[in-house]
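To start, the structure itself, in structure tokens.
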Protein chains: 2
Amino acid sequence: MADKHELRDKGLRLTPQRELVLSAVRELGHATPEEVAEKVRATHPGINLSTVYRNLETLENVGLVQHTHLGHGGATYHAAEELTHLHLVCSDCGSVGDAPINAAANFVQNLADDYGFKTDVTHFAVYGLCAACVK
Amino acid sequence: MADKHELRDKGLRLTPQRELVLSAVRELGHATPEEVAEKVRATHPGINLSTVYRNLETLENVGLVQHTHLGHGGATYHAAEELTHLHLVCSDCGSVGDAPINAAANFVQNLADDYGFKTDVTHFAVYGLCAACVK
DNA sequence: GACTAATTGCGACTATTTCGCAACTGCCGA
DNA sequence: TCGGCAGTTGCGAAATAGTCGCAATTAGTC
């Protein structure tokens, strides 16, 4: 398992809980801490919710996962390697769609040129109505 | 004060609390429910937090205020007439800058053309580093 | 001025996330 | 291979944030 190196290389201890949290995030795509905990409990029922929160934070600090705010309030976590897309959150049906980062390329450029603002496209949710709800 | 007509015209009762909440939102620019409550309490100490929440919701339903998610978790409220700008939230210093909506015009157009997604620019926070923190 | 329905205040309650602390366990060095 | 230390976990308590039910109050109408 290459995971071992991955975590160890970041200076983290390799615990079963930590591996489970990381792989749960990877399998789920987008997930709230609650969902991650649920997923992890499927194979390791004793895991504590605090542990999930702490590991998400730890994994985020070393850059293996990242979180995004999708609107409601709670954060949503992603594996860092999947953060190659924007999130299109539908305000009506709540669905989360994806679009490639370069859809925003000129927007990002505008903000950089005009305001010196360096947009973090990966930590960025776009609100609106999805194609289905527009109708 | 034109406020009376404004609220009555929307079919709302004109209560002191409601006027205070609305004018607090207008004076504050961006504000969390907590900040609105604090502002209102300056002139009307007895007001209840629930009342603030309920009025923000009511005012939002009739279109006088709107909320945006600026990242952390809590919603931030604005007077509807001030929602003519994007929010540039700095992930480092936490400052909230503004940019005109049309900075995103072609981005919005891209999303509409390519994904049928109708972006709500007013309910939309952009994360990144402000000019000061980029340095 | 009186009636009705909307609104308020209050307290309880839920959900979400954080924290302290004792117990446990990976990992490093001998 | 063994031992010790620091990082990690589990657990319960505690902040935080927002919602809800209900009785009392009050704005708007006639």
Side-chain angles (χ1 to χ4, degrees), chain A residues 1 3-25 30-41 43-62 64-65 67-77 94, chain B residues 1 3-25 30-41 43-62 64-65 67-77 94:
Chain A
M1 191 68 99
D3 281 1
K4 307 208 178 213
H5 299 106
E6 204 175 3
L7 290 167
R8 302 284 319 281
D9 287 352
K10 301 288 186 177
L12 298 178
R13 273 212 201 152
L14 183 64
T15 66
Q17 293 89 338
R18 192 161 282 166
E19 278 190 289
L20 285 162
V21 168
L22 179 55
S23 61
V25 170
H30 326 109
T32 61
E34 203 59 53
E35 289 164 342
V36 172
E38 198 178 320
K39 176 86 182 172
V40 170
R41 287 202 186 105
T43 56
H44 194 283
I47 201 167
N48 195 277
L49 189 53
S50 303
T51 301
V52 173
Y53 275 102
R54 283 183 292 217
N55 276 325
L56 287 171
E57 191 186 332
T58 304
L59 293 171
E60 185 160 29
N61 286 339
V62 299
L64 288 170
V65 306
H67 77 271
T68 307
H69 294 280
L70 258 35
H72 19 299
T76 304
Y77 287 82
Chain B
M1 192 63 104
D3 279 4
K4 305 208 178 209
H5 297 105
E6 205 176 2
L7 291 167
R8 302 287 316 284
D9 287 354
K10 301 289 187 178
L12 298 178
R13 274 212 200 154
L14 182 64
T15 66
Q17 292 89 339
R18 193 161 282 165
E19 279 190 289
L20 286 162
V21 168
L22 180 55
S23 62
V25 171
H30 328 107
T32 62
E34 205 58 55
E35 289 165 341
V36 171
E38 199 177 319
K39 175 86 182 173
V40 169
R41 288 202 185 104
T43 55
H44 195 283
I47 200 166
N48 195 277
L49 190 53
S50 302
T51 301
V52 173
Y53 276 104
R54 283 184 290 217
N55 276 324
L56 286 171
E57 192 185 332
T58 304
L59 292 171
E60 185 160 28
N61 285 339
V62 299
L64 289 170
V65 306
H67 77 271
T68 307
H69 295 279
L70 259 36
H72 19 299
T76 303
Y77 286 82

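Keep in mind it's a predicted model, so treat the numbers as computed, not measured. Numbers restart at 1 for each chain; the letters A, B, ... are given by sequence-line order, proteins then strands.
The side chain of B/Pro16 lies closest to D/dA27, out of D/dT19, C/dT18, D/dA27. Here C/dG9 is the nucleotide among D/dG10, C/dG9, D/dA27 with the atom lying nearest to any side-chain atom of B/Ile47. In this structure, the nucleotide among D/dT29, D/dG10, D/dT9 sitting nearest to the side chain of A/His44 is D/dG10. You'll find that the side chain of A/Leu12 is closest to D/dT8, out of C/dT8, C/dT17, D/dT8. Side chain of A/Tyr53, nearest nucleotide from C/dT17, C/dC10, C/dG9: C/dT17.
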Next on the checklist: As a quick check of understanding, evaluate side-chain contact (heavy atoms from CB on, under 4.5 Å) for B/Leu12 and B/Leu59, giving each step before the final call.
Outcome noted: CA-CA 9 Å; B/Leu12 298 178; B/Leu59 292 171; 4.2 Å; yes
Next on the checklist: Under the criterion side-chain contact (heavy atoms from CB on, under 4.5 Å), I'd like the reasoning laid out for B/Leu49 against B/Glu34: C-alpha separation, chi angles, the key distance, then a yes or no.
Outcome noted: CA-CA 8 Å; B/Leu49 190 53; B/Glu34 205 58 55; 4.0 Å; yes
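When the P atom of C/dT18 is taken as reference, atom CG of A/Asn48 falls 14 Å away, rounded to whole Å. Remark: P of C/dA15 and CD of A/Glu35 are 16 Å apart, rounded to the nearest angstrom. Atom CG of B/Leu14 and atom P of C/dT8 are 11 Å apart (whole Å). B/Leu20 places its CG atom 13 Å from the C1' atom of C/dT8, with the value rounded to the nearest Å. Summarising the geometry, the separation between CG on A/Asp9 and C1' on C/dG26 is reported as 16 Å, rounded to the nearest angstrom. Atom CG in A/Leu56 sits about 14 Å away from atom P in D/dT8, given to the nearest Å. As a whole-Å value, the separation of A/Leu7 CG from D/dT8 P is 10 Å. Atom NE2 of B/His67 and atom P of D/dG18 are 11 Å apart (whole Å).
Judged by distance alone with a 3.5 Å cut-off, no donor-acceptor contact links the side chain of A/Arg54 to the base of C/dT18. Between the base of D/dG28 and the side chain of B/Arg13 there is no donor-acceptor pair shorter than 3.5 Å. A donor and an acceptor atom never sit less than 3.5 Å apart when one is taken from the side chain of A/Thr58 and the other from the base of D/dG7.
For the pair A/Ala24 and A/Val40, the tightest heavy-atom approach, listed with the atom from each and the gap, is CB-CG2, 3.8 Å. Minimum interatomic distance between B/Asn48 and B/Ser50 (heavy atoms only, all atoms of both residues): OD1-N, 2.9 Å.
A side-chain donor from one of A/Glu60 and A/His67 sits under 3.5 Å from a side-chain acceptor of the other.
Contact check, A/Arg8 against D/dG7: no side-chain N or O comes under 4.0 Å of OP1 or OP2. Contact annotation: B/Gln17 reaches the phosphate of C/dG9 (side-chain N/O to OP1 or OP2, under 4.0 Å).
The side-chain contact (heavy atoms from CB on, under 4.5 Å) test with A/Leu64 singles out one residue from A/Val25, A/Leu56, A/Leu7, and that residue is A/Leu7.
Heavy atoms of A/Thr15 sit under 4.0 angstrom from primed sugar atoms or phosphate atoms, though from no base atom. Within the nucleic acid shown, B/Leu49 has no heavy atom closer than 4.0 Å to any nucleic acid atom.
Toward the 5' end of DNA chain D, the nearer of the two residues A/Thr51 and B/Glu57, judged by each one's closest nucleotide, is A/Thr51.
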